[in-house]
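Comments concern the structure below.
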Amino acid sequence: MKVIIALLVSIFAVSANASNGLTVHTTEFGVGKFHRYDNKVHAYGAKNAWAPYILADGAPTDRAMTVKNADGSFTVFFSTLDEMMASVVAISQSEGKKVSVLNIHGHGLPGAMWFPKDEATKNGWTCGDWVDAASGDDRANYEQYYSPVSASQVMQMRQMSNNPNVRMSCTTGAREWREGVTKNPAFKTVFESDAQFHFLSCIVGLGSVGDQFTKDIGAIVLGQGGHVQTAMMFGLGDWSMPEGMGFWDYQSDDQIDRDNAKYPVTRTDREIMQKGSIRMASFTNGAWSTTALVDRDFMSVGFESGLKLGMQIASPLEAPLAPALPQKVKVPGTGGFVFIEQQ
């Protein structure tokens, strides 16, 4: 499996000056429970990038919850995309400021994240595994996070990432975001002109499907400014990654066997971290297009100034398309499954 890398003709900078708008962290409840348990095993510290994502002890999970953090940022814990959008609007309106950074944290799949779009979807049978995780025991969320990922699972994700006809149950892709903005039109109005979206999640930007999703989110929400970042690799975000989300992926059989042997035992993301690639969409020459930030150690949770774009992934992480995908696939980093439909 080779990653084909080609130099862009030019190197340019994006967003030379830090914005003065709000930073809003958002995370679905299941991942908030993971961080709550992980923080008790290894205390994060106030400056850890994941500290805003720790769900408070005793916090209710039957409705979205907004927390104002000591640094002036906000965190929204949510169950559905509708809840998240409405909460971000409410924060902006109550503070009288627009949002510069929106972080969306959860479990991912190519071109989508694993949480329901609305209450009706959440209550449907296809979201049973997600509901079990979001409403379940903290330790269960912690244990499943450190489950190994096999080479065959990686290849399965790569195959899905280049198949635009795949639909996954209980996920939010570009279609669900478009529907959400239609129901919550104020959501589009609360962002600064240079706003940055960071999808802190596994493989959301992987393949042609991830590429299209990254561009679509910019077009659906940001209009003609700002940028959207998605990971092209699996994400790492436990106590040992205080700088932000790190990266991991299949490189060789020996490497994946070695990582899968020690990871569930040591439970330390930093021991298996790799240099990573981030897909970034921006509005250029009248259209949303993507490039890649390569050789990165982390995806930031804050506003990034002066980003240098010098490399482009021409054919990222390719895998031959399978003749048929299974009826369901496991969501990386969880014990849950999504159902697959090919249109």
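Hydrogens, waters and symmetry mates play no part in the numbers below; they use all other heavy atoms, side chains included.
With hydrogens and angles ignored, the 3.5 Å screen pairs a side-chain donor or acceptor of Thr80 with a backbone N or O of Glu83. Between the side chain of Asn69 and the backbone N or O of Gly72 there is no donor-acceptor pair closer than 3.5 Å. For Tyr44 (side chain) and Ile54 (main-chain N/O), no donor-acceptor pair under 3.5 Å exists by modelled atom type. No donor-acceptor distance shorter than 3.5 angstrom exists from the side chain of Ser92 to the backbone of Val89, with no hydrogens or angles considered. Using a distance-only test at 3.5 Å, with no hydrogens or angles considered, no donor-acceptor pair links the side chain of Glu95 to the main chain of Lys97. Asn39 contributes no side-chain N or O that, together with a main-chain N or O of His35, makes up a donor-acceptor pair within less than 3.5 Å. Listed for the Ser100 side chain is no donor-acceptor partner under 3.5 Å among the backbone atoms of Ala195.
A donor and an acceptor atom, one from each side chain of Gln144 and Thr334, are nowhere located under 3.5 Å apart. Side-chain contact, Asp71 with Ser73: a donor N or O sits under 3.5 Å from an acceptor N or O. Inspection of the Thr290 and Thr214 side chains reveals no N or O donor paired with an N or O acceptor under 3.5 Å. A donor atom on one side chain and an acceptor atom on the other are not found under 3.5 Å apart for Tyr146 and Asp269. Checked by atom type, the side-chain pair Gln159/Asn163 shows no donor-acceptor distance below 3.5 Å. Judged by distance alone, the side chains of Gln229 and Gln196 never bring a donor and an acceptor atom under 3.5 Å apart. With 3.5 Å as the limit, one finds no donor-acceptor pair spanning the side chains of Asp216 and Trp177. Using modelled atom types, one finds no donor on one side chain facing an acceptor on the other under 3.5 Å when comparing Ser208 with Asp211.
For an aromatic pair to be called close, the ring centres must be under 6.0 Å apart, and Trp125 with Phe339 satisfies this. Ring pair Phe78/Phe115: centre-to-centre distance below 6.0 Å.
Taking the six-membered ring for Trp and thresholds of 30 and 60 degrees, His105 and Tyr53 have ring planes more than 60 degrees apart, a perpendicular arrangement. The aromatic rings of Phe187 and Phe191 lie perpendicular to each other, with more than 60° between the two planes, well past the 30° mark.
Listed by first and then second residue, the salt bridge (Lys or Arg N to Asp or Glu O under 4.0 Å) pairs involving residues 126-144 are Arg36-Asp138, Arg139-Glu143, Glu143-Arg267 (not counting sequence neighbours).
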Audit row: Ile91, Val76, side-chain contact (heavy atoms from CB on, under 4.5 Å) steps and yes/no: CA-CA 9 Å; Ile91 291 168; Val76 175; 3.6 Å; yes
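Gly108 approaches Val331 most closely through the heavy-atom pair O-CG1, 4.3 Å. Across all non-hydrogen atoms, the minimal contact from Trp248 to Met233 is O-CB, 3.7 Å. Across Asn162 and Gly207, no two heavy atoms sit closer than the pair OD1-CA, 3.7 Å. Scanning both residues, Thr126 and Cys170, for their nearest heavy atoms gives O-CB, 3.8 Å. The minimum heavy-atom distance linking Asp249 with Met232 is given by the pair OD2-O, 4.2 Å.
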